[in-house]
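Data first, discussion second: the structure below is written as structure tokens.
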Amino acid sequence: MNHFAYRDGVLRAEDVDIAALAEKIGTPFYCYSTATLERHYRVFEAALPSGTLIAFSVKANGNLAVLKTLANLGAGADVVSGGELKKALAAGIAPERIVFSGVGKTQAEMQLGLDAGIHQFNVESEPELEALNQLAFASNKRAPITIRVNPDVDAKTHAKITTGTAETKFGIPWNRARGAYAIAAGMKGIEIVGVDVHIGSQITELGPFEEAFTRVAELVKQLRADGHLISRIDLGGGLGVPYRLSNEPPPDPARYGALASRIAKNMKVNLILEPGRLIAANAGILVSRVVYVKDGEAKTFAILDAGMNDLLRPALYDAYHEIVPVAEPAASAPRHRYDVVGPVCETTDLFARDRDLPELKSGDLVAFLTAGAYGAVMSSAYNARPPAPEVLVNGGEWSIVRPRLTDDALIALDRLPPWLEDQTR
Ligand code: LLP
């Protein structure tokens, strides 16, 4: 459920009129709903045993205001860079509620985590383990770690977002896991606390989770028999969300929560989960204006002022996002077939092919739904286009939580080397 709906003929985010907002701040822009973020968090929390650490995956939506909204509910954070770690801390998330994942943590990033005193490092390789041990030892600390194991389970999701098969770069291969724990146990700078697994994202069946979690439970038994103290299991993120209103929705978070709870109860461990999309995706939309409607030879193109630089998912993963007019169309409005595209000079700047929509005209506003996760965070300034700003709504209030860069501010990010400086005037 989310809080974007038509009322009095116009799309609203909670009580805020999206058309009026577009007039005030210009398009394109991302708009997030506080009520939806809160609802998603609470529904998920209710499905899990008390004491579970819900570490919101900052990569899905790293806006400070979004993080702070979740932090106020008690969320922790799953971070994958020094920058994300600093953002989570800046949003008021306690270090004891932060887990650090990622295959390429640099020494500087790991040092940040050690200095902050984070909950755990999810270690993804033997060389990383060695580097972390040395750093921690040199700082007179013991780094709390889990080892991210790769369970070789097919998550049955898009190939570009599957992470738990033997071909991917993530985690330590299953058959080396016990060996890695044995090495870790002998390290003075390392404290083993648990096991970590994450098999992919936008997973729409429970089967792959069940398979992976069952394998992890078996591993925990073996590790305990080997003499390791395993008090936590981090089950990662990955539950999918409904992008197509017409499709059957993915399993609801309560069923997923029940599965995770069962594992925790059987194994007598504290649970950690790292949801991203589940919390943020349906809490955000991207609002854009139609620049032109162009009749091509074979197609009619609705050309928007948002491009792949603002919302990359369709170009990168052929991802589907519902597109709706901001002005509520009459139920009987005839449908027209469009290729909905952006202004970027790339053929792949295509949001939707052959999409049936109510008639669009230049100046009309449209909204991409389910854009709150992996939207703004993946934006860029390609084609010298300042990325879409972000707005957070709370009831009838709204606030710009990341402003639009001006063209001049964007240009000012570049520097000329001394030998070219004089030639600009
Ligand atoms: N934990 C780890 C270790 C992860 O790698 C990820 C996502 C998550 C948690 C959060 O997964 P979620 O609950 O959001 O599915 N850009 C892609 C998705 C990439 C996901 C990467 N890892 C997209 O737009 O679909």
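As the structure lists them, so they are numbered: ligands from 1, and atoms in each ligand from 1.
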Numbering the atoms of ligand 1 from 1, which are under 4.0 Å from a heavy atom of [X]?
X: D78; answer: 1 (N), 2 (C), 9 (C)
X: R148; answer: 3 (C)
X: P275; answer: 13 (O)
X: M378; answer: 16 (N)
X: G276; answer: 12 (P), 13 (O), 14 (O)
X: S57; answer: 8 (C), 9 (C), 10 (C)
X: G238; answer: 11 (O), 12 (P), 13 (O), 15 (O)

F209 six-ring centre to R255 NZ/CZ under 6.0 Å and within 45° of normal: no
Will you find, in the side chains of [X] and [Y], an N or O donor that is under 3.5 Å from an N or O acceptor?
X: Q134; Y: E130; answer: yes
X: S379; Y: N309; answer: no
X: S57; Y: E274; answer: no

Just need the protein heavy atom nearest to [atom], so name the residue and atom and give the distance.
atom: atom 19 (C) of ligand 1; value: I161 CG2, 3.8 Å
atom: atom 20 (C) of ligand 1; value: Y374 OH, 3.5 Å
atom: atom 24 (O) of ligand 1; value: R313 NE, 2.6 Å
atom: atom 15 (O) of ligand 1; value: S201 OG, 2.4 Å

Nearest candidate to atom 6 (C) of ligand 1, where distance is taken over non-hydrogen atoms, out of E124, E274, K59: K59
Positive for salt bridge (Lys or Arg N to Asp or Glu O under 4.0 Å) with R385, one of D349, D407, D310: D310
N/O separation below 3.5 Å, Y317 to ligand 1: yes
Contact check: L278 vs ligand 1, nitrogen or oxygen atoms, below 3.5 angstrom: no
Close side-chain approach of Y374 and L316, heavy atoms under 4.5 Å: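 No; the side chains remain at least 4.5 Å from each other.
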Side chain, backbone, both or neither: the part of R277 lying under 4.0 Å from ligand 1 by heavy atom: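 Both backbone and side chain.
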Test side chain to side chain contact (heavy atoms under 4.5 Å, CB included) applied to Y41 and N72, L278, T36, L70, the passing residue: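 Running side chain to side chain contact (heavy atoms under 4.5 Å, CB included) over N72, L278, T36, L70 with Y41 returns exactly one hit, L70.
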E124 vs N122, side chain to side chain donor-acceptor pair (under 3.5 Å): CA-CA, chis, key distance, verdict: CA-CA 6 Å; E124 301 224 17; N122 292 333; over 6 Å; no
Mutual orientation of the aromatic rings belonging to Y243 and H321 [parallel < 30°, tilted 30-60°, perpendicular > 60°]: perpendicular
Whether H158 lies under 4.0 Å from ligand 1, heavy atom: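 Outside the 4.0 Å threshold, so no.
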Check against salt bridge (charged side-chain N to carboxylate O under 4.0 Å, His left out), E191 and R142: CA-CA 6 Å; E191 182 196 359; R142 297 192 81 189; 5.9 Å; no
